[in-house]
Amino acid sequence: MTGRREQPPAIRDGAGDAVAEKNPCRTGSWGAAGRAHRRRAWAELLRLPALFSVPGDALAGTAATGAPPNARTVLAIASSLCLYEAGMALNDWADRDVDAVERPHRPLPSGRIRPAAALTAACALTGAGLALAARAGRPALAVAAPLAATVWAYDLGLKNTPAGPVAMGAARGLDLLLGAAATTGRTRQALPSAAILGTHTLAVTTVSRQEAQGGSPLAPLAALATTALLTRVVTHRPSEHRRAAAHGLLGPRATPPPGAALGRKPTAHLTTALAAAYVAATARPYFHATLNPSPPLTQRAVGAGIRATIPLQATLTARSKGTATPLLIAALAPLGARFAKKVSVT
């Protein structure tokens, strides 16, 4: 596993706490090592580097409404982070028997974290996520509740069914809508962006279903085709006249104000550049997994797909409004990649 560090035998086999109690000569440095080991185990369980892919959901949803981020947007991001991590903890709790065979190094089958602790964390994080959404307002809670239900349904029942990737895509789309609902109380304008982000997640999830044992090249090939399609969609812009008419700013035969199209060029260039970053993040790993759908290459493709969520979020935000917010989202990508070298996101 990427970034896995060897630990002292008594700690690696999950018996660190027992050794600490039985060995009165254990020094403070061993105690510090044990705490660091537990922190790492929780970082692996929660797949902390994947958190960098979460804030862009709410920000892209907010941008789609045309409103600037506000305090309620921050609450939506915090709610998203909690619900995302709840899903991570619940995922490993539900898969602990399977992981004991396929991934014995994971925190639960290796004994580094107790299953009851993982389930408790999932429940607590879900409650915190819903509470934060409630603070952002009733519209936000109305989106967060089905989002939480989708996460739990996926982990506990839908994951290994044909509906699994669809459920995961729906969860990511709802997360984007959470930002729109929290910021403005409306979600309709954010539906197209939610559909795009959900489609990307569906493709990545479909590939992830065969990351433990490998499988058919069709899944990564379909993900590669999906990336190309979504890139075409997010970089396509209607004319300025049609955009203004759609918002009721112009009559059907009116002309846009002078310089309007010129004012959109910097944003259009940024959208194109971010879309290119999205393609660059996924194309090669998907292609390699298509040629050889082995577990290592498939896992690499899944990790790339998760990290590519960030430039896609930035692209969606850039095509909606401004430059500062999409650049902020894009800056999360190298941070996520850096931390993913220490703790795997798959």
Side-chain angles (χ1 to χ4, degrees), residues 46-47 49-54 56-57 60 80 83-95 98-99 102-103 106 122 146-178 193-231 278 281-283 285-290 293-313 316 336 340 344-346:
L46 299 176
R47 297 173 174 85
L51 280 180
F52 290 97
S53 73
V54 176
D57 289 348
S80 297
L83 295 176
Y84 190 89
E85 291 293 45
M88 291 297 185
L90 185 64
N91 175 77
D92 273 31
W93 180 84
D95 282 357
V98 175
D99 284 345
E102 297 181 350
R103 296 181 175 187
R106 291 294 299 164
L147 170 57
T150 302
V151 169
W152 279 72
Y154 173 83
D155 283 333
L156 297 182
L158 297 179
K159 183 188 309 180
N160 297 318
T161 71
V166 176
M168 187 58 72
R172 185 65 83 161
L174 285 169
D175 202 35
L176 186 146
L177 295 179
L178 177 58
S193 293
I196 291 171
L197 193 59
T199 301
H200 166 76
T201 305
L202 186 154
V204 176
T205 307
T206 301
V207 177
S208 74
R209 290 162 72 92
Q210 59 187 43
E211 64 180 341
Q213 298 178 344
S216 169
L218 292 180
L221 179 61
L224 186 61
T226 300
T227 298
L229 175 62
L230 294 181
T231 302
Y278 167 59
T282 57
Y286 284 162
F287 182 68
H288 287 170
T290 299
S294 62
L297 291 180
T298 301
Q299 290 172 16
R300 188 175 301 175
V302 173
I306 293 173
R307 291 190 295 272
T309 302
I310 298 175
L312 179 57
Q313 293 162 337
L316 292 171
S344 176
V345 298
T346 62

To the nearest 0.5 Å, what is the distance between [atom1] on [X] and [atom2] on [Y]?
X: L197; Y: S53; atom1: CG; atom2: OG; value: 9.0 Å
X: I196; Y: T226; atom1: CD1; atom2: OG1; value: 12.5 Å
X: H288; Y: S294; atom1: NE2; atom2: OG; value: 11.0 Å
X: T309; Y: D57; atom1: OG1; atom2: CG; value: 7.5 Å

Is the shortest side-chain heavy-atom distance between [X] and [Y] below 4.5 Å?
X: L174; Y: T150; answer: yes
X: F287; Y: P220; answer: no
X: L90; Y: L156; answer: yes
X: L202; Y: M168; answer: no
X: S80; Y: L178; answer: yes

Closest contact, heavy atoms only, [X] versus [Y]:
X: P293; Y: P217; answer: CG-N, 4.0 Å
X: A304; Y: P285; answer: CB-CG, 3.6 Å
X: P165; Y: P162; answer: CD-O, 3.6 Å
X: T298; Y: V207; answer: CG2-O, 3.6 Å
X: A60; Y: Q313; answer: CB-O, 4.0 Å
X: I306; Y: A50; answer: CG2-CB, 4.5 Å

Step-by-step side chain to side chain contact (heavy atoms under 4.5 Å, CB included) determination, V54 to D175: CA-CA 8 Å; V54 176; D175 202 35; 4.0 Å; yes
N-O pairing of D95 and R106 below 4.0 Å: no
D92/R47 salt bridge by N-O under 4.0 Å criterion: yes
Main-chain N/O of A195 paired to R172 side chain as donor or acceptor, under 3.5 Å: no
Evaluation steps, side chain to side chain contact (heavy atoms under 4.5 Å, CB included), between R307 and T282: CA-CA 9 Å; R307 291 190 295 272; T282 57; over 6 Å; no
ring-ring contact (aromatic ring centres under 6.0 Å, His included) partners of Y154, counting only residues at least two apart: none
ring-ring contact (aromatic ring centres under 6.0 Å, His included) partners of Y278, counting only residues at least two apart: H200
R300 vs Y286, side chain to side chain contact (heavy atoms under 4.5 Å, CB included): CA-CA, chis, key distance, verdict: CA-CA 9 Å; R300 188 175 301 175; Y286 284 162; over 6 Å; no
